[in-house]
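What follows is a structure written as structure tokens; I'll ask about it next.
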Number of protein chains: 2
Amino acid sequence: MEIPAPRRTRIQQEKRELILEAALEVFATNGFRGSTIDQIAEAAGMSKPNLLYYFRRKEDIHETLMQRLLDTWLAPLRELDDVGDPLTELRSYIRRKLEMARDFPRESRLFANEILQGAPRIMPMLEGELKTLVDEKAAVIKGWMRAGKIAPTDPWHLIFSIWATTQHYADFDVQVRAVLGPDRGGDGRFEDAARFLEQLFIDGLKPKS
Amino acid sequence: MEIPAPRRTRIQQEKRELILEAALEVFATNGFRGSTIDQIAEAAGMSKPNLLYYFRRKEDIHETLMQRLLDTWLAPLRELDDVGDPLTELRSYIRRKLEMARDFPRESRLFANEILQGAPRIMPMLEGELKTLVDEKAAVIKGWMRAGKIAPTDPWHLIFSIWATTQHYADFDVQVRAVLGPDRGGDGRFEDAARFLEQLFIDGLKPKS
DNA sequence: CTAACGTTTGTCCAATCGGTCAAAATTTGC
DNA sequence: GCAAATTTTGACCGATTGGACAAACGTTAG
């Protein structure tokens with residue numbers, strides 16, 4: 001099933017990277033249908049026919065971008081392991097996901113766009129690879145619950161809530177910044193979020209009587 | 001500042017509703033730029049020029065949809081009140097937001113699309129009306145914390161986390177259903193989510209020793 | 001140096017886009 | 001029942017879309 005990577009010249013490698021970088025920006029903010037080849041070409045500093053020399057169709061760019069994304073995107077969850085203290089393990093998973101939202105917001109938005117549109121291009125991956133991985137990790141978490149290491153609850157929805165809360169800071173960034181205002185909406189917002197999320201997931205909101 | 005509603009015939013009222021209903025569906029899945037008037041017209045069962053008789057520009061449809069959305073969208077937060085038990089109050093806010101994700105998923109996706117694209121059309125509202133409302137409710141929550149009714153933490157990020165976790169079930173619905181699979185991804189997923197979120201927000205994950 | 005190969009560009013195309021307009025069809029007020 | 005007002009339609013417009021193509025331009029290996 002492995003597609004052999006075509007031989008490419010130095011220029012081809014560089015230009016393709018340039019295009020993918022530009023396309024990430026454009027697709028992330030406009031979605032696939034809302035983005036034009038001209039926009040991407042301009043962002044990459046080249047003419048449209050030149051871009052089409054490196055990627056023959058608009059879909060090819062998006063597909064390449066998507067394949068790369070999915071690998072790195074699920075890496076943090078793959079790292080979630082049975083070794084070490086469960087609460088610590090979950091805490092660092094949350095932290096890693098939040099760091100990804102901070103460092104790769106465009107990738108997060110690209111993914112969000114694809115899901116919002118009904119995931120027409122990655123549905124098989126969601127039902128296959130992703131589901132398998134989540135089920136696997138849910139089993140690990142269930143083990144922790146049975147061992148009394150963390151409170152018993154639904155592991156799948158726990159994973160959803162971690163995805164939702166962390167990716168929110170990438171996908172809804174403009175809203176977060178607008179609501180926090182210029183003072184609290186600066187660079188410190190990710191540390192505030194990290195502190196808050198840690199407390200939420202570990203202790204919840206009930207006051208320590 | 002109140003724009004007087006133009007007089008409209010019965011047909012105009014009905015057809016405009018029909019168009020808005022169709023446009024909600026189309027905009028929610030394709031975004032503004034990714035949607036075409038033809039798509040909306042076909043979904044509404046009328047010809048493009050006929051649609052343009054009721055809304056002269058594509059933007060007018062989107063704007064009308066957005067204005068309506070924002071009122072109902074923030075209603076649950078407006079209801080968050082200082083009367084009654086704080087934990088109960090928050091619990092029912094979460095429940096109401098989750099019910100909105102279940103009952104109005106297209107509205108949620110429409111909003112998500114707008115934010116993802118940088119909120120070009122509602123930025124003033126985010127920085128104005130929304131920020132004011134959230135600041136106001138954050139003050140209420142801070143009062144609860146000072147009174148020892150709930151654990152002290154960041155009220156703004158608390159509100160973000162409630163938005164994120166609940167809207168996730170509308171915006172990322174296809175992913176949720178794909179991961180849960182045909183068995184657990186059925187209609188029961190919202191009750192499972194409600195149970196999980198209640199526990200998360202009240203008690204967190206730390207086991208009761 | 002030069003021939004082969006890789007890269008870039010301008011031009012062009014059919015399809016689709018948002019939107020206009022006048023005429024036809026329908027509904028409404030009297 | 002009829003005239004006025006409203007609604008619907010088909011034909012059309014310029015702009016933009018994704019993409020094709022051959023010609024021009026660079027680069028590189030022998």
Side-chain angles (χ1 to χ4, degrees), chain A residues 4-67 110 113-114 117 120-121, chain B residues 4-67 110 113-114 117 120-121:
Chain A
R7 275 173 236 292
R8 295 205 176 98
T9 67
R10 178 184 51 86
I11 293 183
Q12 271 174 9
Q13 284 175 22
E14 288 172 6
K15 293 288 169 101
R16 282 174 63 95
E17 286 307 314
L18 212 94
I19 292 168
L20 289 171
E21 160 69 21
L24 176 58
E25 187 75 33
V26 176
F27 281 140
T29 49
N30 297 106
F32 181 77
R33 286 220 53 197
S35 304
T36 72
I37 299 181
D38 283 297
Q39 283 177 328
I40 300 170
E42 198 199 328
M46 63 179 67
S47 65
K48 182 169 65 169
N50 197 184
L51 183 148
L52 285 167
Y53 171 73
Y54 294 103
F55 291 91
R56 290 170 59 197
R57 287 177 308 154
K58 183 182 164 187
E59 280 193 284
D60 291 348
I61 310 175
H62 192 265
E63 198 185 316
T64 306
L65 227 38
M66 224 56 186
Q67 281 171 359
L110 178 68
N113 256 306
E114 176 70 11
Q117 287 161 22
R121 283 166 260 272
Chain B
R7 274 174 235 292
R8 295 203 176 99
T9 67
R10 178 184 50 86
I11 292 184
Q12 271 173 10
Q13 284 176 21
E14 288 173 5
K15 293 288 168 108
R16 282 175 64 94
E17 286 307 314
L18 212 95
I19 292 167
L20 289 172
E21 159 71 21
L24 175 59
E25 186 76 33
V26 176
F27 280 140
T29 48
N30 297 105
F32 181 76
R33 286 218 52 199
S35 303
T36 73
I37 300 181
D38 282 296
Q39 284 177 327
I40 301 171
E42 199 199 327
M46 63 178 68
S47 65
K48 180 170 65 169
N50 196 185
L51 183 149
L52 286 166
Y53 170 72
Y54 294 102
F55 291 91
R56 290 169 59 195
R57 287 177 307 155
K58 183 182 165 187
E59 281 193 285
D60 292 347
I61 310 176
H62 191 265
E63 198 184 315
T64 306
L65 229 36
M66 224 55 186
Q67 281 170 0
L110 177 68
N113 256 307
E114 177 69 10
Q117 286 161 23
R121 283 166 261 271

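Atoms considered below: every heavy atom in the structure, side chains included; atoms not considered: hydrogens, waters and symmetry mates. Because the structure is a prediction, the values reported are computed rather than measured. Numbers restart at 1 for each chain; the letters A, B, ... are given by sequence-line order, proteins then strands.
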Salt bridge (Lys or Arg N to Asp or Glu O under 4.0 Å) involving A:R57 - partner list, sequence neighbours excluded |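 By the salt bridge (Lys or Arg N to Asp or Glu O under 4.0 Å) rule, A:R57 matches A:E59, A:D60.
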Specify the separation, in whole Å, of atom CD of A:E42 and atom P of C:dT8.
->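 So the CD-P distance, A:E42 to C:dT8, works out to 17 Å.
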Whether over 12 other heavy atoms sit under 6.0 Å from A:R56 CZ |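 Not more than 12 within 6.0 Å, no.
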Separation of atom CE in B:M46 from atom P in D:dG10, rounded to whole Å =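 Interatomic distance, CE of B:M46 to P of D:dG10: 14 Å.
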Figure out the CG/P separation between B:L51 and D:dT8, and round it to whole Å.
->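 Going from B:L51 (CG) to D:dT8 (P), I get 11 Å.
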If only side-chain N and O atoms of B:N50 are considered, is one of them under 4.0 Å from the OP1 or OP2 phosphate oxygen of D:dT9?
->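 Checking B:N50 against D:dT9: at least one side-chain N or O falls below 4.0 Å of OP1 or OP2.
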Return the orientation label for the B:F32 and B:H62 ring planes: parallel under 30°, perpendicular over 60°, tilted otherwise.
->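 Geometry flag for B:H62 against B:F32: perpendicular rings.
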Taking it one step at a time, do B:I40 and B:F27 satisfy side-chain contact (heavy atoms from CB on, under 4.5 Å)?
-> CA-CA 9 Å; B:I40 301 171; B:F27 280 140; 3.8 Å; yes
In whole angstroms, how far is the P atom of D:dT8 from the CG atom of B:L18?
->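 It is 10 Å, rounded to the nearest whole Å.
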Mind checking salt bridge (Lys or Arg N to Asp or Glu O under 4.0 Å) for B:E63 and listing every partner two or more places apart, or none if nothing turns up?
->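 B:E63 satisfies salt bridge (Lys or Arg N to Asp or Glu O under 4.0 Å) with no other residue.
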Roughly, in whole Å, what's the span from OH in B:Y54 to P in D:dT9?
->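 My rounded result for the distance is 9 Å.
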Quick tally for nucleotides 13-26 of chain C: nucleotides whose base has a protein heavy atom under 4.0 Å get B, sugar-phosphate-only ones S, the rest -, giving ----SBBBB-----
Return the value, rounded to whole Å, for the distance between atom CZ of A:R16 and atom C1' of C:dG6.
->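 In whole Å, C:dG6 C1' and A:R16 CZ are 15 Å from each other.
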Would you say B:S47 reaches D:dT8's phosphate, i.e. side-chain N/O to OP1/OP2 under 4.0 Å?
->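 No.
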Can you pull the side chain to side chain donor-acceptor pair (under 3.5 Å) pairs that have at least one residue in residues 18-36 of chain B, sequence neighbours excluded?
->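 Counting only pairs at least two positions apart or across chains, the side chain to side chain donor-acceptor pair (under 3.5 Å) contacts touching residues 18-36 of chain B are B:E21-B:R106, B:E25-B:R106.
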Non-neighbouring partners of B:E42 that pass salt bridge (Lys or Arg N to Asp or Glu O under 4.0 Å), sequence neighbours left out |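 Testing B:E42 for salt bridge (Lys or Arg N to Asp or Glu O under 4.0 Å), a comparison that skips the adjacent residues, returns none.
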Value in whole Å for how far the P atom of D:dA5 lies from OH of B:Y53 |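 Atom-to-atom, B:Y53 to D:dA5, this comes out as 13 Å.
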Note the angle between the end axes of the helix from C:dC1-D:dG30 to C:dC30-D:dG1, five pairs defining each, rounded to 10 degrees.
->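 For the helix from C:dC1-D:dG30 to C:dC30-D:dG1, the axes at either end differ by 20°.
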Can you sort out the partners of A:L52 under side chain to side chain contact (heavy atoms under 4.5 Å, CB included), two or more places apart, ordered by chain and number?
->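 A:L52 satisfies side chain to side chain contact (heavy atoms under 4.5 Å, CB included) with A:I37, A:K48 only.
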Which residues share a ring pair (Phe, Tyr, Trp, His ring centres under 6.0 Å) with A:F55, sequence neighbours left out |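 Once residues adjacent in sequence are excluded, A:F55 has no partner under the ring pair (Phe, Tyr, Trp, His ring centres under 6.0 Å) criterion.
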